Amino acid sequence: MKKTISCEIIQDLLPNYIEGILSNESEKLVSEHLHKCVYCKKEWENMNTLIEVNPVEERKVDYLKGIHKRFRNIFLACIILSAITFLIGVFYSEKNTDEALWTLFLSFFVFVVMLIKFGFPLFFAVASFFGYKKTKNKWILIITVIFIYLFFDSISFVIKNILIYGH
């Protein structure tokens, strides 16, 4: 005695039938039903047809672009305000212009030395690390390690001198 299966059950089984993952018995049942039922056969044909989709244009989206611009503007404003405040402080605290210029020259010299000693190694360590993350070239890690070493060597030099000389 054969049972008749409703069209709803067959339509639930159609995706698995199309993929070929039904058991042999279920596949035979669906196949027999499709030969008899015009409505289910139409559904099977609709599911079997390929839908052509126009390819979507790929583009790189920089989600942090606005944040980078905002951060850069704030950073530049802080640098400019710091420089103006420093200059006002130097010229206001010194008794004459010659002493202020000499203090300004020495401050600039100390800034350049600190930039070379600490800033460049740190900057290049970070830049080479991001270069590695972007390109996945392992040799860039060697450069990163070298600059990290130079940065920590500079810090250890300063700490050692502070401990030895007290200032």
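Owing to the predicted nature of the structure, the values given are computational and were not obtained by experimental measurement.
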Review point. Could you give the distance from NZ (K36) to NZ (K41), rounded to the nearest 0.5 Å?
Key: 13.5 Å
In a table with atom names and distances, give each donor-acceptor pair under 3.5 Å that connects a side chain of residues 7-16 to protein atoms at least two apart or in another chain.
none

Study note, to complete from the structure: Between C40 and C37 the two heavy atoms that sit nearest each other are N-SG, 3.4 Å
Check your understanding: Is it the case that more than 12 heavy atoms not belonging to N73 sit under 6.0 Å from its CG atom?
Key -> yes
Revision key, fill the gap. On a heavy-atom basis, the closest approach of P121 and F147 is O-CB, 3.4 Å
Practice item. Give the other cluster members for Y39, using side-chain heavy-atom distances under 4.5 Å between Ile, Leu, Val, Met, Phe, Trp and Tyr residues; answer none if it is isolated. Key: none
Study note, to complete from the structure: Value for CZ (F111) from CD1 (I116), rounded to nearest 0.5 Å, stands at 10.5 Å
Review point. Which of parallel (below 30°), tilted (30 to 60°) and perpendicular (above 60°) describes F124 and F120?
Key: tilted
Check your understanding: F151, I162: one ILVMFWY side-chain cluster at the under-4.5 Å cut-off?
Key -> yes
Exercise for review: Scan for side-chain hydrogen bond (donor to acceptor under 3.5 Å, both in side chains) pairs involving residues 117-132, sequence neighbours excluded, and state none if there are none.
Suggested key: S128-T144
Review point. Linking I/L/V/M/F/W/Y whenever any side-chain heavy atoms sit under 4.5 Å apart, do I88 and I80 land together?
Key: yes
Practice item. Before giving the answer on side chain to side chain contact (heavy atoms under 4.5 Å, CB included), spell out for F108 and V112 the whole-Å C-alpha distance, their side-chain angles and the decisive distance to 0.1 Å. Key: CA-CA 6 Å; F108 180 73; V112 169; 3.7 Å; yes
Practice item. State whether a side-chain donor-acceptor pair under 3.5 Å links S82 with T85. Key: no
Practice item. Take atom CZ of F86 as the centre, draw a 6.0 Å sphere, and report whether it contains more than 12 heavy atoms from other residues, nucleotides or ligands. Key: yes
Practice item. Look at atom CD of E19 and say whether more than 12 heavy atoms of other residues, nucleotides or ligands are closer to it than 6.0 Å. Key: no
Check your understanding: Which atom pair, heavy atoms only, marks the closest approach of M47 to I18?
Key -> CB-CD1, 3.3 Å
Review point. When you look at S31 and Y17, which way does the side chain to side chain contact (heavy atoms under 4.5 Å, CB included) test go after all the steps?
Key: CA-CA 9 Å; S31 176; Y17 177 75; 3.8 Å; yes
Practice item. Say whether, by atom type as modelled, one donor and one acceptor occur between the side chain of S156 and the main chain of D153 under 3.5 angstrom. Key: yes
Point to revise | F152 side, atom CZ; F118 side, atom CZ - distance, nearest 0.5 Å | key: 11.5 Å
**Study point:** CD on E32 to CG on L34, rounded to 0.5 Å
**Key:** 10.5 Å
Point to revise | Single-linkage hydrophobic cluster V158~L163, side-chain heavy atoms < 4.5 angstrom | key: yes
Point to revise | Nearest-0.5 Å distance, OH of residue Y165 to NZ of residue K160 | key: 8.5 Å
Revision key, fill the gap. Distance col, row L141:CG vs K133:NZ, nearest 0.5 angstrom, shows 11.0 Å
Review point. Under 4.5 Å between side-chain heavy atoms, hopping through other hydrophobics if needed: is there a path connecting I84 to I74?
Key: no
Review point. Quick one: do F129 and V145 end up in the same hydrophobic cluster if we chain Ile, Leu, Val, Met, Phe, Trp and Tyr together by side-chain heavy atoms under 4.5 Å apart?
Key: no
